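Okay, so here's the structure we're looking at.
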Amino acid sequence: MDLQHMPTSRRAFLKLLVGTGGMLVLAACGAGGSSGSSGQAATTAPAAPAPTVAPTAAAPAATGVNAQIDVSAIKPGGTIITGSVLDVRTLNPLLVSDTASGEITSLVFDGLVDIDPDSLEAIPNLATQWEVSPDNKTYTFTLKSGVTWHDGEPFSAEDAKFSYDLYMNSETGTPRAGTLKDRIASVEATDATTLVITLKDVVAPFLVSDCSYGLIPMHLLKDVKPADIPTSEFSTAKPVGTGAFVFKEFKTGESVTLAANPNYHRGAPALSGYIRKFVKDDTTLYQQLKTGEVDAAQVPVTFYDDASAQTNFKLFPYDTFAFQFFGYNLNKEKGSPIFQDVNVRQALFYAVDRPGIVAKIREGLSTVAQGTMPVLSWAYQPDKMTTRYDYDPAKAEQMLDTAGWVKGADGLRAKDGTPLSFEMYTYSGDKTIEGYASVFQENWKAIGVTMTPKYEEFSAFVTRLTKTFDFQAFLVGFFWNVDPDQQTMWDTKQYGPGFNLYNYSNPKVDELLEKALRTLDKTERTQYYVDAQNLILADAPALIIDFPKDIWGVSSRLKNFIPNAVSYAATWNSYQWFVTDGK
Amino acid sequence: MGAYILRRLLGVPPLIIGITLVTFLIIHATPGSPVDNLKLNPEIKAEDLASIMRTLGIDRPLHEQYLGWIGQLLQGDMGISLKTYQPVRDQILDRLPNTLLLTGASLLVALLVALPLGVVAAVRRNSLLDYLIVSGATLAQAIPSFWLGLMLIIIFAVQFRVWGLPALPSGGAQSLPDGGDLLDRLSHLILPVITLSAVQIGGWMRFVRSQMLEVIRQDYIRTARAKGLSDRMVIMRHAFRNAALPLITLVGLTLPQLFGGAVVVESIFGWPGLGSLAIDAATNRDYTMVMGTVLFISVVTVLANLLADISYGLADPRVHYS
């Protein structure tokens, strides 16, 4: 499951994808979102060096999410039901590490900023504006005044400070303490509407990654011992936030019911109610979308054709930060010696028919990766990638021949008696990933390479991948974050603690990624990332295969609900959602 | 009889301890942990993972975890769900009425359908009607629940709507947001009850039929007929009552089976009962919830068996417990 994500709030990050087969896919790695925190990083702030930036909403792209929102026809009233195969775990944004809970907490709780789904930049939420000090380490947020909690108590900067102190406190069982403690030196409320956060070092993703977490009311939690917060009534039954919707009821394994917050600081929501229904089986969920029992739900790609023919709901395929990737184990003791030869690593990449995978397995709803950056990111620069692994089996064969891996009488390649043969681990139960594995197997067999897929139960696979490192090669799906910082996947130090699962090490890459993390200027950052990607592509420790889209079906009566990769499906503008029939 | 019941009850605690211990060992031997998904999250540092595991109490040695769980249990505390941090006992009690409703209704429907059909099939042995009933029973037993459930949803929930006929809901225990009246709850019950009772109907019908066939050949039935009793009286009063005796045991033994079937059916229909709770707990490696649901279902099973034995004794004066 799931997997989860973090930030409280909005945009979640790691989410579980529902695979095609109806199973879970994995979680993501970094992905996304963030709601809060985690991730999103957008670039931060103002590109200009300077202070005071009033954040402006980014200009909507022509076909962007913003362009599809029309507030002129809003009708008040009505309740919508969204459906999901993932179940809500907690109601407290402090503890959220999964998409399902993030959806709810992002509706009930607001953070300092939101992330614009088009520009991936921070936009005002409870903070109306912010200034960044000249050394780029101190952020001064001006908070909205006159905002009240759902119980009527006033919201102030003290609440924001209290929230961040909890987010940085490991005793609460929050999954964000480690990252935030690494980054934040101090959080101070200098007056009722001013919050000052000082960082230990420049952190480019700070605003998008760490500033959208849901803020928590001090008056309700100050007397609760931090260690008791997870089991407190606030977290399990009675959350109180400042968000567009007020919590009503949580039936575990069944539904969560919310009601509109008439005093919402961006204006009362058009809808009067919201229900999130848990439906265990994705086939059943899809049927409920067809019957109108749910108004919005994710649609597995296996139902895409059938769904395209439906008239009572509209399909929204959108790019995400998720990706499938294949990696080698470069560790000399644990991996296979054949992968010490960069020619083998590259040749195998050339032999994979990625456009074929996108067309056949993804129904065309995916993009072949060029480099490591997701299509949505501003750091995605496909034209600047110097190594492109376009499908070219002839080139692959030639590279292997030149490197001494020649075909024997049986048509299989070997060098000095070592056959070009290996095992690739992945997890079982996901038809999509099994499809990838069989294409790989076939493509490589065609150039004389033997790959044996090994399917393992998900948990065992995770342990193998992240703990024992006992594999020759692997195939898995992950998520990136909104911010293009990819240190956790390529930095030498991240073998073990992070997601450098391949034991890859290139000091130049390490240096570029570190520089990019400490630079706020987007143009400069982009260049660092282009250079780093080109080195990674040439070294070929792993191949990002493609960036699949997610698909949501949204009832034709529900408007302004535009699914996107940045806010848990579409929660960032929930106050603008409305239903045409007012029911 | 009293001594017998007491003896049986005394055997329950060791049995339960055994079951929970085995369950505990199995779930911990299963790969994975409740925090697996966090392990694939690059934003979560090792220290966060450690603090979360401490909060959940899964950082302690296994024997401490198990003994701690037993200790809590003796005080009536089944622990906290590792998934939602909510008390396990509350969640089980929340879900119990739904499962009882589903299994109870299925049991009732299964009996109401299986008994008459079984009797008819036996009385009209080797007739076309008998063949139809027996074939139907075999079919009902052979169809996998998950398939039957999905087919029913597609026909009665989806296609009926497409055809403009009154459709049934495809899942849940009541309509959202404001269902919950009797009619609404009944309409949600129909498809899951059909799915869950199908297997039992098939099994019991064949059982009743073969019991009846055996009883009908007995001397006392011939005697009853010879006395000039009506067919109806012979079948209902003399034959059926005797034939139905073993059914008591069978029904008692079926209770746990119904709970088991409910696991599948509840998942398909999104029925918020114990079965779906148990499945979720297992997939999420929610150890305390797995322990809680297994414990609960074990107790139900043991008690159902005991009740079946006792009621059999009450119904059949030839049975003596010593």
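Everything numeric in this text was worked out from a predicted model, so none of it was measured. All chains are named by letter (A, B, ...) in the order of the sequence lines, taking the proteins before the strands, and each is independently numbered beginning at 1.
Counted within 6.0 Å of CG on B:L165, heavy atoms from surrounding residues, nucleotides or ligands total more than 12; the atom is thus considered enclosed.
For A:T291, the parts lying near chain B are the backbone and the side chain together; criterion is any non-hydrogen pair under 4.5 Å. Proximity to chain B (any heavy atom under 4.5 Å) is restricted, for A:T174, to the backbone atoms N, CA, C and O. For A:T257, no part lies under 4.5 angstrom from a heavy atom of chain B. In this structure, chain A has a heavy atom under 4.5 Å from the side chain of B:L150, while its backbone stays farther away. Residue contact with chain B, scored on non-hydrogen atoms closer than 4.5 Å, involves the backbone and the side chain of A:P230 alike. Contacts between A:V462 and chain B at a heavy-atom distance below 4.5 Å involve the side chain alone, from C-beta outward. Contacts of B:T283 with chain A are made by side-chain atoms alone, with heavy-atom separations under 4.5 Å and no backbone atom involved. Proximity to chain A (any heavy atom under 4.5 Å) is shown, for B:P87, by neither the backbone nor the side chain.
Counting heavy-atom pairs under 4.5 Å between each of B:T55, B:I268, B:L277, B:T84 and chain A puts B:T84 at the top. The most heavy-atom pairs under 4.5 Å with chain B, out of A:Q287, A:E171, A:K277, A:K290, come from A:Q287. When each of A:K251, A:Q494, A:K467, A:Q288 is scored by its heavy-atom pairs under 4.5 Å with chain B, the top score falls to A:Q288. Ranked by heavy-atom pairs under 4.5 Å with chain A, the list B:G270, B:S81, B:S267 is led by B:S267. Of the listed residues (B:I52, B:V162, B:L56, B:D94), the greatest number of heavy-atom pairs within a distance under 4.5 Å of chain A belongs to B:I52. Annotation: maximal heavy-atom pairing with chain B below 4.5 Å, among A:T231, A:L285, A:V279, occurs at A:T231. Considering only heavy-atom pairs separated by less than 4.5 Å from chain B, the leading option among A:A177, A:A460, A:G498, A:G273 is A:A177. Interface remark: of the candidates A:T466, A:T252, A:D281, A:T252 forms the most heavy-atom pairs closer than 4.5 Å to chain B.
Taking the charged nitrogens against the carboxylate oxygens, B:K83 and A:D87 do have a contact shorter than 4.0 Å, which makes a salt bridge. Ion pairing of B:R54 with B:D59 is absent here, as no side-chain N (NZ or NE/NH1/NH2) approaches a carboxylate O to less than 4.0 Å. Checked for salt-bridge contact, A:R276 and A:E249 miss the test: no charged N lies under 4.0 Å from a carboxylate O. We find that A:K181 and B:E47 are joined by a salt bridge, their nearest charged nitrogen and carboxylate oxygen being less than 4.0 Å apart.
Checked against the 6.0 Å centroid threshold, A:F474 and A:F325 count as a close aromatic pair. The aromatic ring centroids of A:F469 and A:Y495 lie less than 6.0 Å from each other.
Annotation: cation-pi geometry not satisfied between A:R183 and A:F206 (NZ/CZ under 6.0 angstrom from ring centroid, within 45° of ring axis).
Between A:F461 and A:Y427, the ring-plane angle classifies as tilted under the 30° and 60° cut-offs.
Under the 3.5 Å distance criterion, with hydrogens and angles disregarded, a donor-acceptor pair is assigned to the side chains of A:S101 and A:D98.
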